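Just so we're on the same page: letters track the sequence lines, and every chain starts at 1. Quick caveat: nothing in here was measured; it's all calculated off a predicted structure. Below, each value reflects all heavy atoms present in this structure, side chains not excepted, and no hydrogens, waters or symmetry copies.
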2 protein chains.
Amino acid sequence: MSPDKLGSTFAALADPTRRAILARLASGECTVTELAAPFRMTMPAISKHLRVLEGAGLISRRREAQLRPCRLEAAPLKDVAEWAERYREIWEGRLDRLDTYLKELQTKETTHARKRRRK
Amino acid sequence: MSPDKLGSTFAALADPTRRAILARLASGECTVTELAAPFRMTMPAISKHLRVLEGAGLISRRREAQLRPCRLEAAPLKDVAEWAERYREIWEGRLDRLDTYLKELQTKETTHARKRRRK
DNA sequence: TAGTTAATTTACCTAGTAGTTAAATACGAC
DNA sequence: GTCGTATTTAACTACTAGGTAAATTAACTA
């Protein structure tokens, strides 16, 4: 489908209105009007946000009479969590010593290279 | 500082170039030139990306002679992971039955309400 | 002091996004 | 068919984002 699926997921999640919509949908399906209620925003604006969320695969919509109930699709959030998890050991600080070691090593090498060139 | 910290983190992560920069920084500090090397993009463009990452708290920079080594700051990624984790039970499908149940209940209620109104 | 390298700033362009209002569509009720 | 409700589309404005080229700052080198 679209390239950079993860990118479009992050882009969709960057807006607080859209994150609030997802939070609401976590407790079950909602119609567009229900989703719009908490916000001081017109319906078309909400409609656009829903389109973005749908484009990112974060929601799906069915037709039910005049209503368009929205449903949360959490699969892309799994991808987000898995992507972030790759950095866990870094934010937990486990690599601090290794990181510092590598940095110092790199600095030394650079310094040596310069000294050599200088001669 | 800035409102919607999580939002600016997601916005920063939405760009594939920036995610690649973070991946590179995961294995240690890099200078701007080193970070720019893999991309067909001018230095100012990279500079802007770094500014965005710094604004989101995802990197920090020091001064070392003419160089500006960048360092990954993974704390915001922890926030991202924790935010996404709230939806884990949904993407794992554990709530599927409950969700379906709630949906049906809601549909019935709506139908009843309509029938009642009709009378 | 002049020259080189590393990086940023400035100025500019293009395309996309978030919001608006007003009109159009889709469906059920009468 | 006509009316009312739910939702989307169209057209517009204001702002932001990603990119470029050219000028500028900062620090080392000779």
With 3.5 Å as the limit, what N/O pairs link the protein to nucleotides 4-6 of chain D?
none

(message) In this structure, how many angstroms lie between the C1' atom of dT9(D) and the CD atom of Glu54(A), rounded?
(response) 15 Å
(message) Are the side chains of Cys30(A) and Arg24(A) in contact, using a 4.5 Å heavy-atom criterion?
(response) yes
(message) List the residues meeting ring pair (Phe, Tyr, Trp, His ring centres under 6.0 Å) with Phe10(A), not counting sequence neighbours, and say none if there are none.
(response) Trp83(A), Phe10(B)
(request) Could you tell me the separation between the CG atom of Asp15(A) and the C1' atom of dA17(D), rounded to a whole number of Å? (result) 15 Å
(request) Please report the shortest heavy-atom distance between Ala12(B) and Arg18(B), naming the atom on each side. (result) O-NE, 2.7 Å
(message) Using the side chain to side chain contact (heavy atoms under 4.5 Å, CB included) criterion, which residues pair with Ser47(B)? Sequence neighbours excluded.
(response) none
(request) Check Lys5(A) against Ala56(A) and note the closest heavy-atom contact, atom names and distance. (result) NZ-O, 4.2 Å
(message) Suppose we screen for salt bridge (Lys or Arg N to Asp or Glu O under 4.0 Å). Which residues come up paired with Arg19(B), at least two apart in sequence or across chains?
(response) Asp4(A)
(message) Any residue in residues 45-53 of chain B with a heavy atom nearer than 4.0 angstrom to DNA chain D? Just list them by number, or reply none.
(response) Ala45(B), Lys48(B), His49(B)
(request) Mind checking which stems touch DNA chain C? I mean at least 3 consecutive Watson-Crick or G-U pairs, both distances under 3.5 Å. (result) C:1-30 with D:1-30
(message) By nearest atom, which of the nucleotides dC27(C), dT20(C), dT20(D) is closest to the Met41(A) side chain?
(response) dT20(C)
(message) Closest approach to the side chain of Ala65(B), judged atom by atom: which nucleotide of dT20(D), dC28(D), dT8(D) is it?
(response) dC28(D)
